[in-house]
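Working notes, beginning with the structure itself.
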Amino acid sequence: MSDVKGPASYFPAIEKKHGEPIEHWMRQLESVVSAKHMEQVALLKNQFGIGHGHANALVAVFRQERGL
């Protein structure tokens, strides 16, 4: 079991379910870096079919890593 806590703990499941590395999703979010949190979540959900929980976890880590 992993010691990773918080939103990043979803990353292995996201990679398994969607078949792309986390960096792929971070690159997608770079294209909407100036959007609000929920707008970024909506992009992942609507364009890529990612569920709300996984999308929210990706956006939370993306924004935290960039100080947004």
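- Two residues are said to be in side-chain contact when any heavy atoms from C-beta on lie closer than 4.5 Å; Lys45 and His52 meet this criterion.
- When atom types are taken as modelled, the side chain of Arg63 and the backbone of Val59 share no donor-acceptor pair closer than 3.5 angstrom.
- Take Phe11 and apply the side-chain contact (heavy atoms from CB on, under 4.5 Å) test, not counting sequence neighbours, and it matches Ala8, Ile14, Ile22, Met26, Leu58, Val61.
- Distance check, rounded to the nearest 0.5 Å: CZ of Phe62 to CD of Gln28 gives 10.5 Å.
- Listed by chain and residue number, Val32, Glu39, Gln40 satisfy the side-chain contact (heavy atoms from CB on, under 4.5 Å) test with Ala35 (two or more places apart in sequence, or in another chain).
- Remark: Phe48 CZ to His24 NE2 distance equals 5.5 Å, nearest 0.5 Å.
- Surrounding CD of Gln64 are at most 12 heavy atoms belonging to other residues, nucleotides or ligands under 6.0 Å away.
- Between Arg66 and Glu30, at least one side-chain N (NZ, or NE/NH1/NH2) sits under 4.0 Å from a carboxylate O, which counts as a salt bridge.
- Shown here are the side-chain contact (heavy atoms from CB on, under 4.5 Å) partners of Pro12, two or more places apart in sequence or in another chain: there are none.
- For Ala60 against Pro7, the heavy-atom pair with the smallest separation is CB-CG, 4.0 Å.
- Note that OH of Tyr10 is 14.0 Å distant from CD1 of Ile50, once rounded to the nearest 0.5 Å.
- No side-chain heavy atom of His54 sits less than 4.5 Å from a side-chain heavy atom of Leu44.
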